[in-house]
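Remember, predicted model here, so these are calculated numbers, not experimental data. We count residues from 1, following the sequence as given.
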Amino acid sequence: MYQEFFGLREDPFRVNPDPRYLYLTPSTREALASLAYGIRNRFGIILMTGEVGTGKTTLLNALLDGLRQARAVTAFIFNTRLSVDGLFDCLMTDFGLLCESQTKSEKLSRLNHWLLDRFRAGQTAVLILDEAQNLSVEMLEEIRLLTNLETSTEKLLQIVLSGQPELEKKLKRTELRQLRQRITIRCRTSALSAEETQGYVEKRLSIAGAEGQPIFSPEAIRNVYAYSQGIPRVINILCEHALIHAFADQMRPVSAAHVAQVAKDFELDSAESDVPRSSWERQKKAGDWGTSPGMLGDSALSSPPAPVAARRGESER
């Protein structure tokens, strides 16, 4: 609707987790490097947590793209409100495994033999569970038991648990202490700073085809940050509808008033309507970084995040 007016090829602020739009902040880059390093070195269980809307699923999709390029075999489970049988059915289906028997023991045996074949072929098998905060204690214990599929030196299945901070609270339960001890790497996603919010908006517009004159005024960007508090999903909502409002008014660039109206429509206007310029400028001095598309190239899959030793030390042994 508004794409032609603003010179865009596509909608830049869709909320679906398209890895093309992954914006690599230092925090995001470190999380991605931690995931890749843990998987490559067969550390077993890796935990990633972050608040709602901070880009965990987008990061996982970027990870999946990189793993496939590296010839890894993957299973991605996004509906975690499953029974134990449902978990195994999804796992086997995603890995492309057939098992005539419906018994758990036969499925485990089939999975174990398949994982051994993948290991001998030099392939890494990865199970990724999104929204893992919804997993029951029983399901989390079943996931722990999957790490018993191993050789004398290597874990055959690498597991990524991704979820909201509630997952970390759940893992502190006494009955999950064995699982907690097997988490070898922890990483987090976080809200964007003021500078990162500006870079995030500009990158998405650029990918969508923006050229030449700015599409959002500096004041509009400051309002986006103020109302979103740096949460990428909320940024997308604000920017998408601000573009629609500006198009309806045939106005370019998008103004701060357009963003404020969207915030009011979506009941986000309880946040401050502006950020003090001193705060904005202070955050803008935090530094700059590239947004290279090589998110999971050889360096990401082989180089340790810093500091890995400290992160591994977070797990209880």
Aromatic rings F43 and Y37: how do their planes relate, parallel, tilted or perpendicular, breaks at 30° and 60°?
perpendicular
Who are the ring-ring contact (aromatic ring centres under 6.0 Å, His included) partners of F78, not counting sequence neighbours?
none
Side-chain (T80) to main-chain (E131) donor-acceptor, under 3.5 angstrom
yes
For R71, give me all partners under side chain to side chain donor-acceptor pair (under 3.5 Å), at least two apart in sequence or on another chain.
none
Could you tell me whether a side-chain N or O of R118 sits under 3.5 Å from a main-chain N or O of Q123, the two making a donor and an acceptor?
no
Measure the CD-CG distance between Q164 and N134 for me, rounded to the nearest 0.5 Å.
7.0 Å
Given 3.5 Å as the limit, does a donor-acceptor pair link the side chain of S217 with the main chain of V254, or not?
yes
Side-chain heavy atoms of S34 within contact of I46, under 4.5 Å:
no
Tell me if the CD atom of E10 is crowded by more than 12 foreign heavy atoms within 6.0 Å.
yes
If you count every heavy atom of other residues, nucleotides or ligands that lies below 6.0 Å from Q250 atom CD, does the total exceed 12?
yes
Can you name the closest pair of heavy atoms from L176 and K170 and give their distance?
CD1-O, 3.4 Å
H245 vs H258 aromatic rings, parallel, tilted or perpendicular, using cut-offs 30° and 60°?
tilted
Ring center gap for F13 and Y21 short of 6.0 angstrom
no
Regarding E166 and K169, does a basic nitrogen lie under 4.0 Å from an acidic carboxylate oxygen?
no
Check I231, N223, V224 against Y227 for a side chain to side chain contact (heavy atoms under 4.5 Å, CB included) and give me the one that passes.
N223
K107 (side chain) donor-acceptor with D89 (main chain) under 3.5 angstrom
no
Heavy-atom pair with the smallest gap, counting every atom of L167 and A132
CD1-O, 3.6 Å
Do I215 and L243 have side chains that approach each other closer than 4.5 Å (heavy atoms only, starting at C-beta)?
yes
Ignoring hydrogens and angles, tell me if any N or O in the side chain of R186 forms a donor-acceptor pair with the backbone of L47 under 3.5 Å.
no
Quick one: does R177's side chain have a donor or acceptor within less than 3.5 Å of a partner on T174's backbone?
yes
Heavy-atom check, side chain of L146 versus side chain of F88, under 4.5 Å
yes
Are Y2 and E240 close enough, and set up right, to give a side-chain hydrogen bond (donor to acceptor under 3.5 Å, both in side chains), and what steps lead you there?
CA-CA 10 Å; Y2 58 74; E240 166 76 10; 2.7 Å; yes
Heavy-atom neighbours of E267 CD exceed 12 at 6.0 Å
no
R110 (side chain) donor-acceptor with L98 (main chain) under 3.5 angstrom
yes
Heavy-atom side-chain proximity of L129 to L87 below 4.5 angstrom
yes
Whether F247 and F5 hold their rings parallel, tilted or perpendicular, with breakpoints at 30° and 60°
perpendicular
Can you tell me how far apart SG (C187) and CG (L59) are? Round to the nearest 0.5 Å.
7.5 Å
